[in-house]
Amino acid sequence: FGERGEFIQAETYQRQALSLQRVLHDGPHPALAEAINNLAWTLMNLDKANEAEPLYREALEMQRRLLGASHPDLALALNNLGSNASKLDRLDEAKDHYQRALAIRLESLGSEHSEVGVSYANLADVAVRQKDGAAALDGYEKALAIFEKAKGADHPLVGGQDRGREGADAGEPGGHRQVLEQQRGDAAALVGVVDEERHLRLRPQRPAVVAGDADQGVVPQRHERHAV
């Protein structure tokens, strides 16, 4: 769904899908979590972050109950909340969500996984908006090192990240306004590349998430239209 008109159309269908899932499932269920998350994602992309927030929180709690507190997909749910909080200019809250996502990814995926790099990039983006040049530089450098190793030096994630790092290098610790604005532009370009890694969707998977639903089990995954 790349165009606003398609998002508007998707909202109608996804509201209907969510209503149906709420009738079918009166408690936590992967298909219900998927429907909640998909509608929230669409609302966020329609600049309806206030409407998306309670849905994202509901999906996060449901996924926590279904998957446990340390599952990597829970980090994706936290990233959703972080992105939504960022759209609402609640940067401290966005930072907290991103830090929690990072902690889960470090524990469950290891320090060299590309999704750990995405978390560092998210935190760098927040740091730019908070005018914390030193923290932004730290995040860019960590993300760049991970992307170079995981994706290769020619991958667009690496190029975008390197531009952000150069912007941070141009200023003194803490950064001047002009440098921070340049970093913000570079971070926005990077977010455009990695945005699809931040949002959940559900995919068919092995059973046993919910007792009695072995033939219908699914787990959360991110929305993504482009492979990275």
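In what follows, residues are counted from 1 in the order of the sequence shown. Everything quoted here is computed from the prediction, not taken from an experiment.
- Here the shortest heavy-atom pairing between Leu66 and His29 reads CD1-C, 3.7 Å.
- Judged as a side chain to side chain donor-acceptor pair (under 3.5 Å), and not counting sequence neighbours, Lys95 has no contacts.
- Around atom CZ of Arg22, more than 12 heavy atoms belonging to other residues, nucleotides or ligands sit under 6.0 Å away.
- For Tyr56 (side chain) and Asn79 (main-chain N/O), no donor-acceptor pair under 3.5 Å exists by modelled atom type.
- Put simply, CG on Leu18 and CD on Glu34 are 11.0 Å apart, with the number rounded to the nearest 0.5 Å.
- Heavy-atom minimum distance, Val118 versus Phe147: N-CZ, 3.6 Å.
- With Ser86 contributing its side chain and Gly82 its backbone, the two residues share no donor-acceptor pair below 3.5 Å.
- With values rounded to the nearest 0.5 angstrom, Asp73 atom CG is found 12.0 Å from Leu60 atom CG.
- Heavy-atom minimum distance, Ser108 versus Ser70: CB-O, 3.8 Å.
- Considering all non-hydrogen atoms of both residues, Ala127 and Ala136 come closest at CB-N, 3.5 Å.
- Under a hydrophobic clustering in which Ile, Leu, Val, Met, Phe, Trp and Tyr are joined whenever their side-chain heavy atoms come within less than 4.5 Å, directly or via other members, Leu109 and Leu144 fall into different clusters.
- In this view, Asp92 and Gln130 satisfy the side chain to side chain donor-acceptor pair (under 3.5 Å) rule, not counting sequence neighbours.
- Side-chain contact between Leu43 and Arg15: present, with at least one pair of heavy atoms (C-beta onward) separated by less than 4.5 Å.
- The shortest heavy-atom contact between Val116 and Gly110 is CG2-O, 3.2 Å.
- The environment of CD in Glu61 is crowded: more than 12 heavy-atom neighbours from other residues, nucleotides or ligands sit within 6.0 Å.
- Going from atom CG of Leu91 over to atom OH of Tyr98 covers 9.5 Å, rounded to the nearest 0.5 Å.
- Side-chain atoms of Thr12 and Ile8, non-hydrogen and from C-beta on, never get closer than 4.5 Å to each other.
- Residue Tyr13 is not grouped with residue Ile36 when hydrophobic side chains (ILVMFWY) are merged at heavy-atom distances under 4.5 angstrom, including chains of intermediate members.
- Within the 4.5 Å cutoff, side-chain heavy atoms of Leu76 are placed close to those of Arg105.
- Counting only heavy atoms from C-beta outward, the side chains of Leu88 and Glu53 approach each other to under 4.5 Å.
- For the residue pair Ala69 and Leu74, the shortest heavy atom distance occurs at O-CD2, 3.3 Å.
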For side chain to side chain contact (heavy atoms under 4.5 Å, CB included), just list the numbers for Leu32 and Met62, CA-CA rounded to whole Å, side-chain angles, deciding distance to a tenth of an Å, and then say yes or no.
CA-CA 9 Å; Leu32 178 56; Met62 192 171 296; 3.7 Å; yes
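- Among residues two or more places apart in sequence or in another chain, the side chain to side chain donor-acceptor pair (under 3.5 Å) test is passed with Gln16 by none.
- Listed by chain and residue number, nothing satisfies the side chain to side chain donor-acceptor pair (under 3.5 Å) test with Gln99 (two or more places apart in sequence, or in another chain).
- When the options Gln9, Gln14, Glu6, Glu11 are evaluated for a side-chain hydrogen bond (donor to acceptor under 3.5 Å, both in side chains) with Thr42, the one that passes is Gln14.
- Remark: Asp96 pairs with no residue by the salt bridge (charged side-chain N to carboxylate O under 4.0 Å, His left out) rule, at least two apart or across chains.
- Looking at residues two or more places apart in sequence or on another chain, you find a salt bridge (charged side-chain N to carboxylate O under 4.0 Å, His left out) between Asp89 and Arg129.
- Considering CD of Gln63 and CG of Asn80, their distance stands at 8.0 Å, rounded to 0.5 Å.
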Are Leu55 and Asn37 close enough, and set up right, to give a side chain to side chain contact (heavy atoms under 4.5 Å, CB included), and what steps lead you there?
CA-CA 7 Å; Leu55 293 171; Asn37 179 81; over 6 Å; no
Quick one: do Ile146 and Glu112 satisfy side chain to side chain contact (heavy atoms under 4.5 Å, CB included)? Show the steps, please.
CA-CA 6 Å; Ile146 292 170; Glu112 297 181 350; 5.5 Å; no
Please step through side chain to side chain contact (heavy atoms under 4.5 Å, CB included) for the pair Leu123 and Lys142, ending with a clear verdict.
CA-CA 11 Å; Leu123 286 166; Lys142 288 178 178 176; over 6 Å; no
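- Between Tyr140 and Val128 the shortest side-chain heavy-atom distance falls below 4.5 Å.
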